[in-house]
Amino acid sequence: SEVGDKTEVLSVVLNKVKAERGIKFWSLLTGFLLTIVLLLLLNNVLRKNTHVKGGLFIGFDKRYSNSKVQMVIWTFLVIFSYVTLYFERYLASVLTSISYSSLISIPENLAILMGISASSFVGAKLITASKVGSGSVSKTASNTGPAFADLITNDYKAIDLGDAQMFAWTLVAALIYLSLFLRMWW
C-alpha cells in the first residue's frame with residue numbers, strides 16, 4: 001500500500017512452530033506423500049477425461065507440455081508446503097499442550113507465480129488451438145511418446161531457446177522457493 005511518498009510491501013508473517021525433529025520429520029513425510037497421492041489421483045482422473053487425455057504432463061501431441069509441467073511444479077510446491085506446515089502444527093498441538101491454531105496462508109508471491117503458470121498454460125492452449133484450427137500449424141502426435149527433451153525442444157526436436165529458458169527458470173525459482181521454505185521451516 002502507498003502512504004504519501006512511501007510504499008509499504010505487505011507480507012505474510014508466520015510464527016515458527018518450535019516442534020521436535022520427530023514431528024518435523026513426520027509432517028514433512030506426510031506432506032510429501034499426500035501431495036504425491038493427490039497429484040497422482042488428479043493425473044489419473046485427467047487421463048480418463050476424453051478432452052484432456054494427457055493428464056497433468058502430456059499435451060495433445062503426446063509430448064511433455066512445458067506449460068503443464070510448470071503448473072504442476074508450482075501446484076506441488078504449494079500443496080506440499082501447506083500440508084507440511086498444517087501437519088506440523090497439528091501434530092505439535094496434539095502431542096503438546098500448546099495450541100497452534102493460526103491459519104497458514106499462501107504467500108502472495110507464490111500465488112502470483114501460480115497465476116503466471118496458469119496463464120501460460122491457458123495461453124499456450126489457446127495459441128496452439130488457434131494455429132491448428134487455422135491450418136498454419138499442424139500438430140502430429142509423437143511416435144516415440146513423451147521424452148524429457150520435449151521440455152527444451154520444439155516439435156522438430158531442435159533446441160528451442162524459449163522453452164529451455166522457461167524450463168530452466170521454472171526449476172531455479174522452484175528450487176529457491178523450496179530451499180527458503182525448508183530453511184524457514186526446519
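In this text the structure is predicted, and so the values were computed from the model without any measurement. For the single chain, residues carry numbers from 1 onward in sequence order. FYI, side chains are in, hydrogens and waters are out, and symmetry mates aren't considered; it's all heavy atoms of this structure.
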Output for pair (Glu20 CD, Leu91 CG), nearest 0.5 Å, gives 11.0 Å
CG (Asn66) and OG1 (Thr170) are apart, to the nearest 0.5 Å, by 7.0 Å
So Phe148 and Phe167, ring pair (Phe, Tyr, Trp, His ring centres under 6.0 Å) or not? Walk me through it. CA-CA 11 Å; Phe148 177 76; Phe167 183 68; 5.6 Å; yes
Are side-chain heavy atoms of Asp160 and Ile152 found at a separation under 4.5 Å? no
Show the numbers, then the answer: is there a side chain to side chain contact (heavy atoms under 4.5 Å, CB included) between Leu56 and Leu46? CA-CA 7 Å; Leu56 289 175; Leu46 290 176; 3.5 Å; yes
Straight-line distance of Asn43 CG to Ile36 CD1, nearest 0.5 Å: 11.0 Å
How long is the straight-line distance from CZ of Phe57 back to CG of Leu39, given to the nearest 0.5 Å? 7.0 Å
Any chance you could measure Thr30, atom OG1, to Ile23, atom CD1, to the nearest 0.5 Å? 11.5 Å
So, do Leu182 and Leu178 sit near enough that their side-chain heavy atoms are less than 4.5 Å apart? yes
Any side-chain heavy atom of Phe76 within less than 4.5 Å of one from Phe32? yes
If Ile, Leu, Val, Met, Phe, Trp and Tyr residues are connected whenever their side-chain heavy atoms lie under 4.5 Å apart, and connections chain through other members, are Leu40 and Leu38 in the same group? yes
Verify the cluster assignment for Met166 and Ile58: are they in a single hydrophobic cluster under the rule of side-chain heavy atoms below 4.5 Å apart? no
Examine Leu175 and Trp169 and state if one hydrophobic cluster contains both, with Ile, Leu, Val, Met, Phe, Trp and Tyr joined whenever side-chain heavy atoms are less than 4.5 Å apart. no
If you define the side chain from C-beta out and look only at heavy atoms, does anything of Val78 sit under 4.5 Å from Trp74? no
Of all heavy-atom pairs between Ala174 and Leu77, which one has the smallest distance, and what is that distance? CB-CD1, 3.6 Å
Quick one: do Ile79 and Leu180 end up in the same hydrophobic cluster if we chain Ile, Leu, Val, Met, Phe, Trp and Tyr together by side-chain heavy atoms under 4.5 Å apart? no
Gly59 versus Ser65, closest heavy-atom pair with distance: N-CB, 4.1 Å
Donor-acceptor side-chain pairing of Ser27 and Tyr90 below 3.5 angstrom: no
On a heavy-atom basis, which atom in Met184 and which in Leu85 lie closest, and how many Å separate them? CE-CD2, 4.4 Å
Same hydrophobic cluster for Val72 and Ile176, using side-chain heavy-atom links shorter than 4.5 Å among ILVMFWY? no
Could you check if a side-chain atom of Lys157 sits within less than 4.5 angstrom of a side-chain atom of Asp150, using non-hydrogen atoms only? yes
Out of curiosity, Asp155 CG to Asp61 CG, how far, rounded to the nearest 0.5 Å? 5.5 Å
Ignoring hydrogens and angles, tell me if any N or O in the side chain of Thr84 forms a donor-acceptor pair with the backbone of Phe80 under 3.5 Å. yes
